[in-house]
Amino acid sequence: MLVTTTNTIEGKKIVKYIGLVTGETIIGANIFKDIFAGIRDIVGGRSGSYERVLREGKDTAVNEMQQYAAAMGANAIIGVDLDYETIGSGGSMLMVAATGTAVIIE
């Protein structure tokens with residue numbers, strides 16, 4: 001399934017707009033990741049463990065959105081937007097939401 005952040009697909013004709021599709025996931029960060037990320041904050045550098053959590057959350061939300069669109073009969077999703085929010089006590093969890101418009105292209 002073609003997934004794009006744009007509202008049109010160059011070289012393709014949208015023949016039917018099916019509707020809004022979403023995918024959401026909530027991922028908890030564990031204490032060890034928090035400790036090592038805190039150390040990274042002090043000494044500098046990137047936090048690979050948090051980057052992996054962000055990537056996993058995005059992949060899960062987008063995959064869920066694609067499954068929803070396929071169940072509706074779509075073969076593409078346009079106008080995709082990803083939102084990231086921390087939730088829970090002390091921001092201990094990450095919520096990733098993917099939204100887009102399911103369409104049929106030819």
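Since the structure is predicted, the reported quantities are computational estimates derived from the model, not experimental observations. These values consider heavy atoms only, across backbone and side chains, with no hydrogens, waters or symmetry-generated copies. One is the number of the first residue; the rest follow in order along the sequence.
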### Message
According to a hydrophobic-cluster definition based on side-chain heavy atoms being under 4.5 Å apart (Ile, Leu, Val, Met, Phe, Trp, Tyr only), do Leu94 and Val62 belong together?
### Response
yes
### Query
Can you hop from Val21 to Leu2 via hydrophobic side chains spaced under 4.5 Å?
no
### Task
Quick one: pull up OG1 in Thr25 and CE in Met95 and give me the separation to the nearest 0.5 Å.
10.0 Å
### Query
For the atom pair CG (Asp83) and OG1 (Thr22), what is the distance rounded to the nearest 0.5 Å?
11.5 Å
Under 3.5 Å, which donor-acceptor pairs link side chains of residues 96-106 to any protein atom two or more places apart or in another chain?
none

### Query
With ILVMFWY side chains joined below 4.5 Å, transitively, what does Leu20's cluster contain besides itself?
none
Side-chain donor-acceptor distances from residues 3-16 under 3.5 Å, at least two apart:
| unit_1 | atom_1 | unit_2 | atom_2 | d |
| --- | --- | --- | --- | --- |
| Thr4 | OG1 | Thr6 | N | 3.2 |
| Thr4 | OG1 | Thr6 | OG1 | 2.9 |
| Thr6 | OG1 | Thr8 | O | 2.6 |

Please list every donor-acceptor pair under 3.5 Å in which a side-chain atom of residues 64-72 meets a protein atom from a residue at least two apart or in another chain.
| unit_1 | atom_1 | unit_2 | atom_2 | d |
| --- | --- | --- | --- | --- |
| Glu64 | OE2 | Glu24 | N | 3.1 |

